[in-house]
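Have a look at the structure below before the remarks.
Since the model is a prediction, treat every value here as computed from it, not as a measurement.
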Protein chains: 2
Amino acid sequence: MHKPAKVTIEDVAAAAGVSRQTVSRVINNGPNVKPAVRQRVEAMVEQLGYVPNLSARRMGGARSYLILSINDRARTFENWTSGRGNDWVDQMLYGGMSECERHNYHMVLELIDTDAGTTIPQIARAVGSLRPDGVILTPPHCDNLELVDWLERQGIPCARVGHYEGGNFVDVYMDDEGAMREVTRHLLELGHRSIGFLAGPLNYGPSQKRRKAFREALAEAGIPPEAGPIGAGNFYFDMAVSVLETMLAAPSPPTAIIADNDKMAFAALHVAADLGLKVPDDLSVISFEDTPGVRFSVPPLTAIRQPTAAMIGKACAQLIALSKGEEGMGAFELPYEFVVRATTKAPRG
Amino acid sequence: MHKPAKVTIEDVAAAAGVSRQTVSRVINNGPNVKPAVRQRVEAMVEQLGYVPNLSARRMGGARSYLILSINDRARTFENWTSGRGNDWVDQMLYGGMSECERHNYHMVLELIDTDAGTTIPQIARAVGSLRPDGVILTPPHCDNLELVDWLERQGIPCARVGHYEGGNFVDVYMDDEGAMREVTRHLLELGHRSIGFLAGPLNYGPSQKRRKAFREALAEAGIPPEAGPIGAGNFYFDMAVSVLETMLAAPSPPTAIIADNDKMAFAALHVAADLGLKVPDDLSVISFEDTPGVRFSVPPLTAIRQPTAAMIGKACAQLIALSKGEEGMGAFELPYEFVVRATTKAPRG
DNA sequence: AAGCCAATTGAGAGCGTTCACAAAATATGT
DNA sequence: ACATATTTTGTGAACGCTCTCAATTGGCTT
């Protein structure tokens with residue numbers, strides 16, 4: 001197990017008969033290199049299998065080629081049981097890594113204990129040691145004002161995913177209002193006249209938008225507010241179960257349920273089974289998330305598919321552009337998709 | 001957006017009235033520092049908010065504090081539709097990051113296109129630029145001999161997750177044979193006399209073990225081989241559906257199905273619903289994976305829970321130990337869990 | 001009190017790159 | 001052909017840390 005000698009920029013320079021700096025120019029795609037020289041250097045890079053050392057690059061004052069993604073520990077699988085976990089992460093990873101890879105960047109993930117109140121020290125530590133070119137904030141961190149302020153003061157470009165508008169940031173999101181309108185209208189057109197909404201937390205931006213659009217779509221169709229009950233206020237399975245039990249026990253219960261995430265939609269499937277209601281004949285169910293496994297549920301869930309991977313990918317792309325000195329700040333809305341599977345149908349009778 | 005001056009080791013040294021090197025000793029927990037001095041330095045580190053720069057550390061010849069995890073692109077959510085994707089990643093992440101965090105390490109994830117035949121160049125690039133202290137290989141990469149050889153020659157400590165025995169590596173796995181024995185016996189005790197197994201790929205180590213144990217457990221109970229049909233040979237939903245349709249159309253069809261992963265277990269749920277079979281009354285189903293969402297299926301799946309997070313955590317822990325010059329190579333078997341939920345029951349009649 | 005060993009501290013070099021220049025080569029205009 | 005711009009190339013310093021090794025300190029022995 002002997003370490004093979006690692007080839008450095010000097011080795012390439014010597015082999016190509018040029019200086020260190022010229023090789024540097026070539027690998028960074030810099031201007032002012034004669035085509036012939038560039039080619040000769042590239043050949044040597046290839047031949048020697050040279051790969052620039054990221055640490056040295058960083059030391060030399062260049063970019064770090066690192067994008068840091070900050071994630072909430074509470075939302076990992078560790079907390080699936082309690083219902084707080086989700087599986088965004090898979091999609092995030094895919095979207096982020098794919099984009100990073102394209103630019104020879106790397107994505108480093110950090111788990112932060114939001115609840116412990118040590119968010120900023122934890123992030124300071126990661127940012128201080130890694131010195132990333134950009135930071136990606138996912139919920140709930142993207143709404144943490146103190147944190148966002150701190151990052152801004154550090155001068156590190158920052159992207160928020162699932163956050164709307166604001167400041168000198170990259171903000172990436174989808175059209176939550178439009179999606180809710182589409183979903184509600186779909187149900188209305190099917191003939192539903194009473195629709196329940198299992199809503200997410202009040203302080204979660206996208207959920208706010210969806211609540212608003214839900215109410216508006218109902219009002220627009222002349223449905224009275226009491227025929228559009230809103231429940232929950234978090235994303236947990238258990239909570240959704242008990243809210244549903246109440247909702248469906250009402251005198252004229254909803255014939256359709258819109259859930260703010262998959263887990264609550266699954267809760268609807270469970271409660272329906274317990275109550276002997278057939279989905280979609282007796283109860284229609286729509287989810288707002290569409291994590292990959294959803295398509296394999298029985299019956300397969302109709303859902304709004306959040307462009308999670310694309311959002312993280314976009315966030316990375318913008319941060320990378322920024323690190324190259326290009327323009328990048330701004331707000332970006334990505335298209336969602338309404339995937340009609342097997343849990344929506346006209347109500348009985 | 002002005003960058004705040006970053007505090008370096010020299011700043012701390014000056015503030016504490018000692019040399020650079022003494023500060024270095026303190027932050028690395030080195031020996032031979034007077035308690036009084038150590039305390040003074042630590043106070044200054046705290047006060048100035050000093051965080052060592054990872055790149056500089058690496059350049060100075062120390063460890064990189066980076067663990068690289070190599071993942072197969074084909075298994076990401078991108079390929080959920082085709083059925084190749086899974087959601088290991090969430091759990092991996094959690095297990096790996098938690099462990100890394102504990103030691104102030106960081107986990108970098110890399111997506112590799114196994115199918116493209118460019119595995120080694122891709123990994124060489126990542127390893128060359130990052131210079132991680134260790135590499136974690138997950139399926140199917142852990143079984144890629146060429147890759148494993150290459151890494152060994154590079155002298156980078158390497159951990160394989162889901163791989164048994166062998167060489168100068170960290171190997172982490174669970175007792176697949178024991179799990180299969182337990183599951184099969186559970187079904188046998190319930191009274192099942194014909195059990196189908198939707199098996200994973202033949203070249204996937206854990207699946208091999210499970211096949212073997214399945215056959216043995218059946219033989220031990222005096223069940224003839226034809227009452228223990230094995231099908232599939234990959235992990236895809238669609239394949240499982242068609243295999244099941246055949247299996248369940250047999251003269252005396254299985255009354256229980258063991259699936260090698262969740263997706264195939266979901267397929268069993270689907271086919272049962274299509275055929276009008278009630279789970280678990282008419283058909284018992286057990287999965288070998290237990291990704292987080294499984295508990296929310298209707299009905300909730302009985303499953304072997306793979307200790308995925310723990311396995312990656314262990315892999316990280318060993319690699320980190322190794323990077324500190326401690327012992328670490330070896331094979332580690334982690335305990336699985338048999339979670340009985342609502343999809344197993346005695347067969348009818 | 002001198003001598004010796006161990007514990008503690010510090011100084012200088014080096015890691016591989018990019019930066020800011022300076023130098024050399026080439027092109028342009030008259 | 002000459003001076004002047006422009007492109008192309010190279011040089012030394014710097015980045016922040018750890019390494020190696022030398023210097024200092026302190027305690028113990030004799």
Side-chain angles (χ1 to χ4, degrees), chain A residues 3-41 44-45 48-66 104 127-131 133 323-325, chain B residues 3-41 44-45 48-66 104 127-131 133 323-325:
Chain A
K3 319 247 173 188
K6 341 153 203 187
V7 11
T8 75
I9 201 171
E10 295 282 5
D11 299 328
V12 178
V18 296
S19 76
R20 209 173 353 120
Q21 185 58 30
T22 298
V23 177
S24 177
R25 285 192 187 97
V26 171
I27 60 178
N28 287 296
N29 255 304
N32 302 338
V33 180
K34 267 205 210 148
V37 175
R38 165 163 272 134
Q39 209 171 345
R40 190 149 38 95
V41 171
M44 281 301 137
V45 165
L48 300 176
Y50 168 68
V51 179
N53 180 321
L54 233 54
S55 299
R57 270 192 157 166
R58 183 64 184 146
M59 288 305 294
R63 305 173 250 154
S64 69
Y65 292 86
L66 254 32
N104 272 315
V127 165
S129 59
L130 257 10
R131 311 256 165 193
D133 291 337
S323 82
K324 291 181 178 167
Chain B
K3 319 247 171 187
K6 344 155 203 186
V7 11
T8 74
I9 200 171
E10 295 283 4
D11 300 328
V12 178
V18 296
S19 75
R20 211 173 349 120
Q21 185 56 34
T22 298
V23 177
S24 177
R25 286 192 188 96
V26 171
I27 60 178
N28 288 296
N29 255 305
N32 303 336
V33 180
K34 268 207 209 146
V37 175
R38 165 162 272 135
Q39 209 171 346
R40 190 149 38 93
V41 172
M44 280 304 138
V45 166
L48 300 177
Y50 168 68
V51 179
N53 180 321
L54 233 54
S55 299
R57 271 191 157 167
R58 183 64 184 146
M59 288 306 294
R63 304 174 251 155
S64 68
Y65 292 84
L66 253 32
N104 272 315
V127 166
S129 59
L130 258 10
R131 310 255 166 195
D133 291 337
S323 82
K324 290 181 179 167

By ring-ring contact (aromatic ring centres under 6.0 Å, His included) - contacts of A/Tyr65 (at least two apart): A/Tyr105
Results of salt bridge (charged side-chain N to carboxylate O under 4.0 Å, His left out) for B/Arg20 - residues two or more places apart only: B/Glu10
So what does A/Pro31 hit on the nucleic acid, given a heavy-atom distance under 4.0 Å: a base, only sugar-phosphate, or nothing? nothing
What is the distance from CZ of A/Arg131 to C1' of D/dC17, rounded to the nearest Å? 12 Å
Quick one: side-chain contact (heavy atoms from CB on, under 4.5 Å) partners of A/Ala62, sequence neighbours excluded? none
Drop me the distance from A/Asp133's CG to A/Arg58's CZ, to the nearest 0.5 angstrom. 6.0 Å
How would you list, by chain and number, every residue that makes a side-chain contact (heavy atoms from CB on, under 4.5 Å) with B/Gln39, sequence neighbours excluded? none
Can you tell me how far apart CE (A/Met59) and CG (B/Asn53) are? Round to the nearest 0.5 Å. 6.0 Å
Using a cut-off of 4.0 Å between protein heavy atoms and nucleotide atoms, how would you tag nucleotides 23-28 of chain D 5' to 3' with B, S and -? ------
Going by heavy atoms closer than 4.0 Å, what residues in residues 14-29 of chain B are next to DNA chain D? B/Arg20, B/Gln21, B/Ser24, B/Asn28
Any chance you could measure B/Leu48, atom CG, to B/Thr8, atom OG1, to the nearest 0.5 Å? 9.5 Å
Figure out the CE/C1' separation between B/Met59 and C/dT18, and round it to whole Å. 11 Å
Name the atoms and distances for all side-chain donor-acceptor pairs under 3.5 Å in residues 21-28 of chain B, with sequence neighbours left out.
from    : atom 1 : to      : atom 2 : distance (Å)
B/Thr22 : OG1    : B/Ser19 : OG     : 3.4
B/Ser24 : OG     : B/Asn28 : ND2    : 3.4
B/Asn28 : OD1    : B/Arg57 : NH2    : 3.2
B/Asn28 : ND2    : B/Ser24 : O      : 2.9

Rounded to the Å, how far apart are B/Lys6 NZ and D/dC15 C1'? 9 Å
Which part of the nucleic acid, if any, lies within contact of B/Asn32, taking any heavy atom under 4.0 Å across all strands shown: a base, the sugar-phosphate backbone alone, or nothing? base
Can you measure A/Glu10 atom CD to D/dG12 atom P for me and round it to whole angstrom units? 12 Å
Residues two or more places apart in sequence or in another chain: which of them pass side-chain contact (heavy atoms from CB on, under 4.5 Å) with B/Lys34? B/Val37
Quick one: bend of the helix from C/dA1-D/dT30 to C/dT30-D/dA1 from 5 pairs per end, to 10°? 30°
Flag, side chain of A/Ser129 to backbone of B/Pro52, donor-acceptor distance under 3.5 Å: no
Spacing of CE belonging to B/Met44 relative to CG belonging to B/Asp11, to within rounding of 0.5 Å: 12.0 Å
Expressed as a whole number of angstroms, how long is the span from A/Ile9:CD1 to C/dC19:P? 11 Å
Check whether any side-chain N or O of A/Tyr50 sits under 4.0 Å from OP1 or OP2 of C/dT17, and answer yes or no. yes
Roughly how many Å is it from CG in B/Asn53 to P in C/dG16, rounded to a whole number? 17 Å
What is the distance, rounded to the nearest whole Å, between atom CG of B/Leu54 and atom P of D/dC15? 19 Å
